[in-house]
Amino acid sequence: FSQTLIMSRKMLIDGEANNNISNNEEEVQYDFDLFVIGAGSGGVRASRFSAQYGAKVGICELPFHPISSEVLGGVGGTCVIRGCVPKKILVYGASFGPELEDARSYGWELNEKIDFNWKKLLHKKTEEIVRLTGIYKRLLSNAGVKLFEGEGKVVGSNEVEVTQLDGTKLCYSAKHILVATGSRAQRPDIPGQELAITSDEALSLDELPKRVVILGGGYIAVEFASIWRGMGSTVDLCFRKELPLRGFDDEMRAVVARNLEGRKVNLHPQTTLSELVKTEDGITVRTDHGEELVVDAVLFATGRIPNTKRLNLEAVGVELDRTGAVKVDEYSRTNIPSIWAIGDVTNRMNLTPVALMEGTLFAKTVFGGQLSKPDYSNIPCAVFCIPPLSVVGLSEEQAIEQAKGDILVFTSGFNPMKNTISGRQEKTLMKLIVDAETDKVLGASMCGPDAAEIMQGIAVALKCGATKAQFDSTVGIHPSAAEEFVTMRSVTRRIAFSKPKTNL
Amino acid sequence: MATSMSTPKLTSQKALQTLLLYHTANSKLPATLSPHSSSPLSAFRTLTSLSSRCCQSLSHHRRRRFTTRAESENGAEPRSYDFDLFTIGAGSGGVRASRFASGFGASVAICELPFGTIASDSVGGYGGTCVLRGCVPKKLLVYASKYSHEFEESHGFGWIYETEPKHDWSTLMANKNAELQRLTGIYKNILKNAGVTMIEGRGKIVDPHTVDVNGKLYTARNILISVGGRPFIPDIPGSEYAIDSDAALDLPEKPKKIAIVGGGYIALEFAGIFNGLKSEVHLFIRQKKVLRGFDEEIRDFVAEQMSLRGIEFHTEESPQAVVKSSDGSFSLKTNKGTSEGFSHVMFATGRKPNIKNLGLETVGVELTKNGAIQVDEYSRTSVPSIWAVGDVTDRINLTPVALMEGGALAKTLFLNQPTKPDYRAVPSAVFSQPPIGQVGLSEEQAVKEYGDIDVFTSNFRPLKATVSGLPDRVFMKIIVCAKTDKVVGLHMCGEDSPEIVQGFAVAVKAGLTKADFDATVGIHPTAAEELVTMRTPTRKIRSSSQGKTDAETKAVAGV
């Protein structure tokens, strides 16, 4: 063991050649080389990889519960317990509704009435996340990471305190502390807000709400709109902007809005909620336009905030930004050299694979002897509305803003082959943004069935600077939707470069 | 100028030389390559707009006069032709070549047999195999048959049906055929809008510049043969009882119990279709494994998954006879015995190029030993004015490849750009259930070509299956050249494989490395993200230890 420790120490020094660490620190004996607070995607990855580099690692996490709070969490974190995974399971479940409708035109004779048993799906979902949290625990123990159950706090630049379930406190010293506590859904401050739920509860409701209002226009809002609508509920989606999914390509936003409407989600653009009132019949929701809706559930999908409140960070001098996120440099290091942070708690790009990347590169930097910065360019992502949206690289608007020359836009809107027989009126849209001078593909987006699966390979191409000519030289896979990405021959529009206005 | 409009030529000296380099076998300078006329590009543009304006109103006769007059003015051409290009066969390759040629300013005619779902010497239809008897109807039936699996999955996700869904074959056939009618119409419109003259009937080559359709003669500077292929059934006793894929796509009723003979992609696809539609399916293959030529691990994996879905495999069984019994059912006699009680026996035993009755012998177009039309890298036959693309040349028999060949040919002939189709890293799919997507080399091919390779594999249960409780799995494989780190092969079997592989095909075609894959962030949660998160090689194969490679491979693979 001591051998390992010495080895890892040595690596630490190599890895930190550029950072000023006081010399006498080397002689200090710590309980751990690394102590991680929060065992979500980023924390688990960083712990495991650090341990593989020879570090002695401890990690703490709150007790498991599907709905998080200050004192409840679970190994696996948001992604596994109340994010990506359960959400995707519900999206799968919801997709069957419209699928079954489509089956009739393909010759399938189904009962008029098809039932959906929410409780069964919920049970399956819980089973699956319990299984996964177990897998995560095993991953940690197999990597030799010591797991503590309890609430972690930073009490010094090299000191953490873990309050266990029974109230006893453990105190450990660590050469490095990594904050990976993630984020939580936030609630807007409107009268009756306590009647509403967040995505945590929405993934664990006892009953399927038959009538829902969703407040928010982000990806979580549109995903839940699709989930509940697919299960047959009436869904009203209220959002502040004219279109949902601010920050995404405008044309794709319009397609998502059109598809939601096509699947009978009621859209309320430029609308916010002013009041929620409990009534006999459910919850009465008032919008700022004076509309009144009576529903069974109200979901706030109005953003997430970093989990930094009870970590005692400010007391030890760790700087937070105004949203409460931990401020870090390019290597995920806070202003206190021994304290680092990754994942949603740093509010950089809040995606599981990004937290994984940050965790991996943290371990490499601190214990692997190689300074490694995460690269945030061309990170693909997906919105699992039905049908899904997936993008990589720049939107048309971003491309125009960053342009140093003309931009070529290639789009393809088509009726997917499956719809030709089902009669479903829903077009798929694909889009490539190309730099006219270099021929580099700057952005790709798609809204339609399988978009998320299709985009992954496209992302590899974009990450490596593939040109439109390289797309064109690739032969299609026929018949697929994805082949459209390599057969967009004629440019839809060319956007001439206009010099940005300056103050000079 | 007018000459160049209707008879564009390859005039760039450099391009010509490039082209000539590849013409050692047919060293005689062909007519289309004669360097005497100069054709400014502006002329093409004029005609392009002209042809798109006039499209249908520009009759065959007007075009002809136009050409003749122009050429007599120029005086350089010894004879005039009705068309710059006459295409025989309006399938994927023929339509693409014709449209593009017309777009580049050529006068083009195309002939095709009357529409019908089952091809014969007198029946075909605009759109060809892909649209009428291949990719499209097949995929529609795959969609239809996949639902039964989805119904099963949906149980796990809380969906309940009072009675199990039943399938009505005739609804499906009616809706499918309506869609095919629509598509063949679209193809006709595409040709019409491109200004291509359409002639219905069987084309036969009379001389290097003349095609006979229903007794009428048409002359053309260039003739393109794009008549495709047709299913082949071996000549065994009772083979007349067997159906081929044409018939299988348009049966009057759903088979109760079907024997499918063959281990290729068509056999697997139909096995999946009929199995999904609840027929009892028996697959008879001559070899030990299905899909000869595919990556070995993929071959094993897909067969295992298909067995789990209820398809019965009969391996190493060669068909010897089909026998009709008194109750109207069929038996299949093989080297291993007789299987009885089939409502249908289907042969998916390969396809052959459609070279009969084309007049190829009379003009001296050479064939390969497999009976395909022999062409050079520019799709030119042994007769300089006759060209061929698509399945009739039996190169890579895929629609997108025929499109590539057709597009390249139009460029070569009418755009001054001698263009060779590029057959490297052509991706393809098998729409079995689960489907397969692949691009580049199999492990076996990669070992042969590169010696030292690293193989990354992943065999996992997808999220959907963990919830549905079905035994579905996904298998993925990346093959990397150890020396260059280049990804030389990528294979996948599992849901959405064809859609997933397309983007990766761009990456493989662009010559990207494993490090490039690793640098890409995943899309979570998807199956595809697995392909960018394979960190540890499953095995490293080094040529120094090649003697034991095989055994090692099999031991570690363990699919």
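Worth saying up front: this structure is predicted, and the values here are computed from it rather than measured. Lettering of chains follows the sequences in order, A, B, ..., and the numbering in each one begins at 1.
- In terms of heavy-atom pairs under 4.5 Å with chain B, the best-connected choice from A:Val486, A:Leu462, A:Thr487 is A:Val486.
- Counting only heavy atoms from C-beta outward, the side chains of A:Lys120 and B:Ile160 never approach each other to under 4.5 Å.
- Between A:Lys124 and B:Thr466, the closest side-chain pair of non-hydrogen atoms is not below 4.5 Å.
- The most heavy-atom pairs under 4.5 Å with chain A, out of B:Val142, B:Leu490, B:Val506, come from B:Val506.
- For the residue pair A:Gln456 and B:Phe504, the shortest heavy atom distance occurs at CG-CZ, 3.7 Å.
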**Prompt:** What's the verdict on side-chain contact (heavy atoms from CB on, under 4.5 Å) for A:Ile89 and B:Lys464, showing C-alpha distance, side-chain angles and the deciding distance?
**Reply:** CA-CA 7 Å; A:Ile89 290 174; B:Lys464 204 175 192 177; over 6 Å; no

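- For the options A:Glu453, A:Glu109, A:Lys463, heavy-atom pairs under 4.5 Å to chain B are most numerous at A:Glu453.
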**Request:** Apply side chain to side chain donor-acceptor pair (under 3.5 Å) to the pair B:Thr163 and A:Asn111, showing each step before the final yes or no.
**Result:** CA-CA 7 Å; B:Thr163 53; A:Asn111 299 120; 3.0 Å; yes

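- For B:Arg182, the part lying under 4.5 angstrom from a heavy atom of chain A is the side chain only.
- Between B:His524 and A:Phe384 the shortest heavy-atom distance is O-CE1, 3.7 Å.
- The most heavy-atom pairs under 4.5 Å with chain A, out of B:Thr399, B:Val426, B:Asp496, come from B:Asp496.
- Among A:Ile477, A:Thr474, A:Leu90, the residue with the largest count of heavy-atom pairs under 4.5 Å with chain B is A:Ile477.
- Of residues 348-356 of chain A, those residues lying under 4.5 Å from chain B by any heavy-atom pair are A:Thr352, A:Pro353, A:Val354.
- With a 4.5 Å cut-off on non-hydrogen atoms, A:Glu128 touches chain B through its side chain but not through its backbone.
- The two residues B:Thr171 and A:Ser105 make their nearest non-hydrogen contact at CG2-O, 4.2 Å.
- A 4.5 Å side-chain heavy-atom check between A:Asn117 and B:Phe157 finds every atom pair outside the cut-off.
- Heavy-atom pairs under 4.5 Å with chain A peak, among B:Ile523, B:Leu183, B:Val508, B:Thr513, at B:Ile523.
- Residue A:Asn378 does not touch chain B at all, counting heavy-atom pairs closer than 4.5 Å.
- Contact count against chain A (heavy-atom pairs under 4.5 Å) is highest for B:His167 among B:Lys176, B:His167, B:Lys509.
- Annotation: side chain of B:Phe151 is in contact with side chain of A:Leu110 (closest heavy-atom distance under 4.5 Å).
- Between A:Tyr92 and B:Val467, every side-chain heavy-atom pair lies at or beyond the 4.5 Å cut-off.
- Chosen from A:Leu121, A:Thr467, A:Val460, the residue pairing most often with chain B at heavy-atom distances under 4.5 Å is A:Val460.
- Residue contact with chain A, scored on non-hydrogen atoms closer than 4.5 Å, is absent for B:Glu495.
- Taking the side chain as every heavy atom from C-beta outward, B:Ile500 and A:Ile454 never approach each other to under 4.5 Å.
- Ranked by non-hydrogen atom pairs under 4.5 Å with chain B, the options A:Ala481, A:Gly476, A:Ala461, A:Ser377 are led by A:Gly476.
- The two atoms that bring A:Phe96 and B:Glu150 nearest to each other are CE2-O, 3.4 Å, heavy atoms only.
- Between B:Leu398 and A:His478, the closest side-chain pair of non-hydrogen atoms is not below 4.5 Å.
- Using a 4.5 Å cut-off between heavy atoms, A:Val85 touches chain B through backbone and side chain atoms alike.
- Here the straight-line distance linking atom CE of A:Met455 with atom CD of B:Glu529 works out to 15.0 Å at 0.5 Å rounding.
- Using a 4.5 Å cut-off between heavy atoms, B:Leu531 makes no contact with chain A at all.
- In this structure, OG1 in A:Thr420 is found 10.5 Å from NZ in B:Lys139, a value given to the nearest 0.5 Å.
- Counting only distance, with no hydrogens or angles, the side chain of B:Trp159 and the backbone of A:Ala94 share no donor-acceptor pair below 3.5 Å.
- Contact annotation for A:Ser390: only side-chain heavy atoms (C-beta onward) come within less than 4.5 Å of a heavy atom of chain B.
- Proximity to chain A involves both the backbone and the side chain of B:Glu162, based on heavy atoms less than 4.5 angstrom apart.
- More than 12 heavy atoms of other shown residues, nucleotides or ligands fall within 6.0 angstrom of atom CG in A:Asn142.
- Heavy atoms closer than 4.5 Å to chain B are found in both the backbone and the side chain of A:Met417.
- At a 4.5 Å heavy-atom cutoff, A:Phe485 makes no contact with chain B through either its backbone or its side chain.
- Taking chain A as the reference chain and counting heavy-atom pairs below 4.5 Å, the highest number among B:Gly437, B:Pro525, B:Ala507, B:Pro165 is found for B:Pro525.
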**Request:** Given side-chain contact (heavy atoms from CB on, under 4.5 Å), test B:Asn175 with A:Tyr106 step by step and report yes or no.
**Result:** CA-CA 8 Å; B:Asn175 288 347; A:Tyr106 278 95; over 6 Å; no

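- What you find for B:Gln502 and A:Ser480 is that their closest heavy atoms are OE1-OG, 4.3 Å.
- The choice from B:Ala425, B:Cys135, B:Ala429, B:Cys130 that makes the most heavy-atom pairs within less than 4.5 Å of chain A is B:Cys135.
- Distance check: B:Thr520 OG1 to A:Ile458 CD1 gives 11.5 Å after rounding to the nearest 0.5 Å.
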**Message:** Between B:Val521 and A:Asp375, does the side-chain contact (heavy atoms from CB on, under 4.5 Å) criterion hold? Intermediate values first, please.
**Reply:** CA-CA 9 Å; B:Val521 173; A:Asp375 175 3; over 6 Å; no

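- Contact of the A:Trp108 side chain with the B:Lys166 side chain is not registered, since no non-hydrogen atoms from C-beta on lie closer than 4.5 Å.
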